[in-house]
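Counting begins at 1 with the first residue of the sequence.
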Amino acid sequence: MGLISWIKSIYYNKKLDNADRNYLAGDIYEAESLYLDILYTQPDAAEHLAKMYFEVGKSSKDELTYLDKLRSLLSDTSFGKEKVSSYLVRLVLHIERTADALFNNHDYTKASKYLKAIECDNRGNTNFAKKYSLYTFYANLYAIEYEYSYETSLDSVYDYCKSGINKDIEEAIVTTVQRLHTTKKLSRAFRLANCLAKKGNKDAIKECVSIAYDIYKSGKDTDKDIINEDVLLDYISKNSSDNLLIGLELFAPFTDRYKKRYVEVSLASIASETDSSKAFALFKNAWQVSPDVSLIQTFAKPSSKISSNIFEYFAQNTEDLNSKEDNRNALLKELSNYENQDYALELFEKFHKHGIYVENYYKEVVNKIYANEDCDNKHKLKVLYKAHRLFGDTELYVKFVSKGIETISAENEETQAVSCFSEVWSINPDLAFLDTFVAEEYKYYKAIIEFLIEKSHISKWNEHLFSHFCDNVFALDDYKYALSIFERLNDKKLSVQKPYVATVLKALSKLDTDTKLSLVNKSLAIFHDKYLIDEKLSIANVYLSYGNYEKSENTLKELVGLHTNAEPQLASLYYEEAKKTRSLDSKEKFILKGLSFNSVHSSLFSEDEYKTIFKKLLRAYNSLIEKYCSTNDFDNAYRLCLGLKPFSNDWFDKCAEIKLLAVSQIKNDESKIKEIRTFFNTLESDGINLKTVHTENICCLWDDLSCAQIQLAHTLPYAECVVVLNDFISYVETHCEKTKSDSTLKCVKTELAALHKKEGYKYEQESKYLEATNVYDALYGIADTRTKSWCKIRSLICQIKQGKNVDEDDVRKSLSYVGFAKEKKDLSYRYGIWLIKHFGAKAASCFVNDFLSNEKELVDFCHNSYIKEAEEALADLNRKISILKTGEASLEEAQNLADYLGSYDHQISTYLPDTHDKIESLYRLISSYILSKCFEEGKYELAMKLLNESGKNWYEDDIFFRNMAIVCLGMTETNKINRKNYKLTEVSDLTRAG
């Protein structure tokens with residue numbers, strides 16, 4: 001070995017060692033990379049790599065990946081092939097054992113996959129091939145059961161089943177089918193079961209039938225498509241060999257093919273059954289499963305041993321006939337041919353009750369009965385009427401009525417006639433029977449009427465039938481007999497008022513007046529009928545026309561509460577009586593009797609009818625009042641007026657009119673007042689609210705009362721006069737209507753105000769200012785707005801005269817009133833003097849300037865007081881400036897003087913001329929003094945503040961620049977410079993410089 005070769009050997013061995021170390025350290029990827037790098041240069045690299053592939057593949061559960069790597073290594077390497085091959089064989093054996101373990105653990109798919117991976121390594125091995133086939137079969141079963149795509153697996157299983165399979169395989173397939181069936185994977189289950197069923201496996205056939213039933217129940221068309229109906233029918237036959245009907249019964253509802261087969265088997269089974277009850281049970285079951293018309297056509301014929309059972313069944317289960325018309329018509333056709341016609345009709349009625357159309361078939365049977373000459377007429381009548389009731393057939397009903405009348409009329413003996421009528425009537429009480437037999441043309445009509453009243457349950461008749469019967473009775477010529485019939489019916493609590501009254505009214509035209517009244521009174525005792533009452537009123541009018549007033553009045557009185565016009569006609573009668581009599585008392589009596597109906601009358605009372613006669617009676621009553629007034633008989637006139645109260649809403653005004661006439665005759669004021677107040681009290685006690693009354697007569701009475709009250713007051717001393725008038729004011733406010741009250745009170749209060757003013761002046765002249773003030777206060781309480789203002793001014797003057805303290809606002813307000821120039825001048829002058837006297841000229845100055853500017857002496861007096869104050873302020877300012885100039889003033893005193901210099905300026909220059917500019921010039925002096933004091937006392941911060949507030953610029957004012965420099969220097973020396981004030985100075989200077 002050359003040096004180079006030796007060095008390479010050492011190098012590659014080193015790399016092999018590195019690869020081994022990486023493998024041992026678990027870095028498989030790096031180790032593999034290093035092994036592959038030296039695979040063709042290091043002889044042991046292939047063996048080491050093969051060993052790593054085997055060990056990693058065995059331990060990592062990734063055998064198949066490393067199997068491929070070993071195969072690739074075996075084909076690529078030129079070193080150590082035997083070693084590599086041995087590791088490959090060992091890994092194949094490991095994979096096969098792993099597949100066995102997976103299979104035993106039911107991981108069929110992976111087991112099959114592992115065997116498939118080593119299939120090429122086991123060619124020619126028969127046992128391996130069988131094992132692989134078995135593992136693949138189970139893997140396919142698993143795929144069919146669990147995987148989404150399973151068609152290929154299903155084909156594989158089908159092919160597998162074609163070969164000879166053992167019992168274990170069959171059980172595996174059946175078990176898988178059952179699991180698929182349980183988990184509702186019906187399509188997979190059926191197709192897998194069908195693979196085995198085709199070989200005749202009974203369990204598979206049973207599963208196919210069961211699964212197919214569930215598929216049809218689910219209604220899923222895609223699943224139904226996999227089922228061959230003929231094949232399934234074969235499976236059903238094999239699965240239900242003992243009772244094919246039971247097997248077919250489940251599938252009959254699903255398709256026509258199954259249904260047809262089921263019906264075929266059912267027809268044969270029913271026909272072959274000799275026991276009728278068992279045969280009907282088979283029919284009923286077959287019908288419930290598959291209601292085919294052939295079942296009815298075959299077994300509902302009259303000749304069938306189970307036809308009656310079939311009819312009864314459908315009578316109780318009519319809903320089975322509603323679904324198909326063919327079934328219904330087939331059954332009804334067979335029933336219409338049934339020999340027992342009454343039984344057929346009975347069944348038809350049951351069908352009809354349940355809404356099945358049977359009319360044509362029913363009528364066909366009825367016409368057969370009607371045409372049968374051997375059938376009893378009464379039975380025919382019942383059948384005809386029932387058919388009419390069921391179907392409303394007019395033709396059949398005409399036959400019924402015609403046959404009924406014919407049957408009754410044929411009877412020639414009364415008892416038999418009534419008996420026959422009773423039977424026909426019990427079938428149906430037709431109006432035609434009443435028209436024919438409750439008529440005077442029929443010889444036994446009274447017997448028929450007697451039967452109908454006493455034995456036909458007439459109280460239960462319908463209204464129309466009963467009304468028709470009453471019309472027939474009314475048509476009888478014998479009205480007394482007719483009325484007796486109606487009275488008997490009335491005793492039975494039946495409503496016969498209308499026909500009874502009609503019968504009475506029909507009879508009245510033939511009777512005299514007294515007989516009419518007797519019959520009407522008798523009838524009214526039974527029925528309070530409007531027509532009878534109207535007829536009685538007509539009779540009263542007939543009596544009146546004959547001049548028989550007594551009978552007319554008595555008849556009308558009997559009608560009170562029965563007729564609305566009874567009382568109005570009585571009132572009219574009394575009005576006529578009042579017109580005829582000459583006696584005023586008798587007139588009053590008749591008129592009041594007629595008027596009494598206005599307030600007291602029955603509930604049946606015509607207001608409109610009475611209104612006309614009431615107005616006539618009221619005019620007659622007023623005429624009586626006028627007659628009493630014309631003779632100055634005011635007492636009777638007033639009495640009659642009070643009597644108007646129930647009849648007239650303005651009765652009180654009529655009373656007022658009479659009272660006004662009576663009062664005009666009274667001369668004494670006090671008596672007049674008493675008379676009017678008494679009248680007013682009477683009205684109010686009768687419910688008249690005088691505060692709402694504004695009639696002319698009432699207003700005139702208020703005027704008379706007011707005049708009398710004022711005239712009476714003037715005769716009294718002041719105090720009593722005030723009391724009397726105030727009392728009257730209260731009376732008016734309480735009782736008088738507002739419009740009239742306003743005018744009346746204005747008049748009275750004007751009189752009272754004049755009294756108060758007169759009395760107030762009197763007290764002022766006597767220097768009795770308190771009394772005068774009290775009088776003005778009293779006047780204020782009743783006065784209008786203007787007079788109230790006057791009272792306020794006079795009261796203030798009295799208070800000033802008394803020397804009392806008076807509020808300036810009250811005075812100013814009083815002086816703002818319009819008018820009263822004399823009083824306001826007096827008030828302002830007195831108050832101005834009072835202000836100067838009590839508070840000085842300065843306090844009075846404003847008031848004097850506002851209200852007494854024409855009073856020059858007062859104005860000058862007040863102005864001089866301000867000049868004096870200005871001079872005093874100027875002297876004080878000069879004193880403080882002198883202290884400043886001598887340097888004796890402190891910094892605080894100088895600052896205060898600067899603050900108040902403006903106030904001094906306003907107080908002095910307003911009243912002293914040529915002082916404003918001088919005072920203004922002091923600002924510079926005071927500012928310089930304050931700044932120098934700040935320098936002396938080291939208050940540089942305050943100095944800086946003052947300089948900044950001065951608004952000057954350092955580059956424009958040398959003195960300002962000097963002062964600013966002194967401040968900065970002083971602050972620096974005293975260590976008072978800080979960031980805040982430094983920035984303040986800097987910004988200030990820059991701002992000004994800008």
Side-chain angles (χ1 to χ4, degrees), residues 378 381-382 384-394 396-409 411 414-508 519-520 522-535:
K378 294 177 182 177
L381 286 170
K382 290 180 180 179
L384 287 168
Y385 180 67
K386 182 174 285 188
H388 164 69
R389 286 290 301 275
L390 285 173
F391 308 110
D393 189 285
T394 305
L396 291 177
Y397 189 71
V398 170
K399 288 181 180 180
F400 163 74
V401 174
S402 176
K403 180 64 73 175
I405 293 174
E406 176 190 335
T407 304
I408 297 167
S409 299
E411 299 292 343
E414 181 178 296
T415 304
Q416 291 299 320
V418 172
S419 175
C420 185
F421 180 87
S422 172
E423 292 185 18
V424 175
W425 186 261
S426 65
I427 296 172
N428 182 50
D430 190 82
L431 301 181
F433 300 147
L434 294 177
D435 291 339
T436 304
F437 302 112
V438 182
E440 289 172 324
E441 292 77 13
Y442 182 62
K443 58 184 175 180
Y444 302 132
Y445 78 94
K446 288 189 176 180
I448 297 297
I449 291 174
E450 188 67 25
F451 162 75
L452 291 172
I453 293 175
E454 299 299 335
K455 296 182 180 179
S456 69
H457 304 290
I458 194 169
S459 61
K460 297 181 180 179
W461 289 9
N462 65 59
E463 183 178 349
H464 180 62
L465 181 64
F466 183 72
S467 176
H468 200 80
F469 171 72
C470 291
D471 289 344
N472 284 60
V473 174
F474 168 77
L476 299 175
D477 291 335
D478 188 351
Y479 81 90
K480 290 184 179 180
Y481 173 72
L483 289 177
S484 68
I485 296 300
F486 289 133
E487 287 168 8
R488 289 174 65 189
L489 293 174
N490 184 56
D491 292 339
K492 291 179 177 292
K493 309 299 181 184
L494 296 174
S495 178
V496 293
Q497 179 174 340
K498 185 175 180 181
Y500 183 92
V501 171
T503 304
V504 171
L505 295 178
K506 184 176 76 170
L508 287 178
L519 178 58
V520 169
K522 176 190 173 186
S523 302
L524 282 172
I526 300 173
F527 298 114
H528 283 283
D529 186 84
K530 178 183 181 301
Y531 294 104
L532 294 177
I533 293 169
D534 287 343
E535 195 62 37

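Between the CG atom of Leu519 and the CG atom of Leu508 there is a distance of 5.5 Å, given to the nearest 0.5 Å. For the atom pair NZ (Lys530) and CG (Asp534), the distance works out to 4.0 Å, reported to the nearest 0.5 Å. Atom CZ of Phe474 is separated from atom CG of Leu483 by 10.5 Å, given to the nearest 0.5 angstrom. We find the CD1-OG distance between Ile533 and Ser523 to be 11.5 Å, quoted to the nearest 0.5 Å. The structure places CD1 of Ile448 at 7.0 Å from CZ of Phe437, a figure rounded to the nearest 0.5 Å. Between the OG1 atom of Thr436 and the CG atom of Leu431 there is a distance of 10.5 Å, given to the nearest 0.5 Å.
Under a 3.5 Å cut-off, the side chain of Ser422 and the backbone N or O of Val418 do not form any donor-acceptor pair. In this structure, Ser409 contributes its side chain and Ile405 its backbone to a donor-acceptor pair below 3.5 Å. Counting only distance, with no hydrogens or angles, the side chain of Ser426 and the backbone of Glu423 share a donor-acceptor pair below 3.5 Å. With Ser484 contributing its side chain and Tyr481 its backbone, the two residues share a donor-acceptor pair below 3.5 Å. The closest donor-acceptor contact from the side chain of Asn472 to the backbone of Val438 lies under 3.5 Å. With Glu411 contributing its side chain and Cys420 its backbone, the two residues share no donor-acceptor pair below 3.5 Å.
Nearest heavy-atom pair across Val473 and Ala482 is O-CB, 3.7 Å. Nearest heavy atoms, Ala417 versus Tyr444: CB-CD1, 3.8 Å. Pairing each heavy atom of Phe486 with each of Cys470, the nearest pair is CZ-O, 3.6 Å. When all heavy atoms of Leu532 and Val520 are compared, the pair lying nearest together is O-CG1, 3.6 Å.
Shown here are the side chain to side chain donor-acceptor pair (under 3.5 Å) partners of Lys506, two or more places apart in sequence or in another chain: there are none. Here Tyr500 pairs with Phe527 under the ring pair (Phe, Tyr, Trp, His ring centres under 6.0 Å) rule; sequence neighbours left out.
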Check the pair Phe421, Leu452 against side-chain contact (heavy atoms from CB on, under 4.5 Å), reporting the backbone distance first and the verdict last.
CA-CA 10 Å; Phe421 180 87; Leu452 291 172; 3.6 Å; yes
One pair to check against side-chain contact (heavy atoms from CB on, under 4.5 Å): Asp435 and His468. What are the steps and the verdict?
CA-CA 9 Å; Asp435 291 339; His468 200 80; 2.6 Å; yes
side-chain contact (heavy atoms from CB on, under 4.5 Å) between Val496 and Phe466, worked out
CA-CA 9 Å; Val496 293; Phe466 183 72; 3.5 Å; yes
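Ring orientation note: the planes of Trp425 and Trp461 are tilted relative to one another, at an angle of 30° to 60°.
Residue pairs meeting the salt bridge (charged side-chain N to carboxylate O under 4.0 Å, His left out) criterion with at least one partner in residues 444-462, sequence neighbours excluded, are Glu450-Arg488, Glu454-Arg488, Glu454-Lys492.
You'll find the side chain of Leu434 reaches within 4.5 Å of the side chain of Leu465, heavy atoms only. His388 is not listed as a side-chain neighbour of Leu384, based on a closest heavy-atom distance of 4.5 Å or more. Annotation: side chain of Ile526 is not in contact with side chain of Gln497 (no heavy-atom distance under 4.5 Å).
Other residues, nucleotides and ligands contribute more than 12 heavy atoms inside 6.0 Å of the OH atom of Tyr445.
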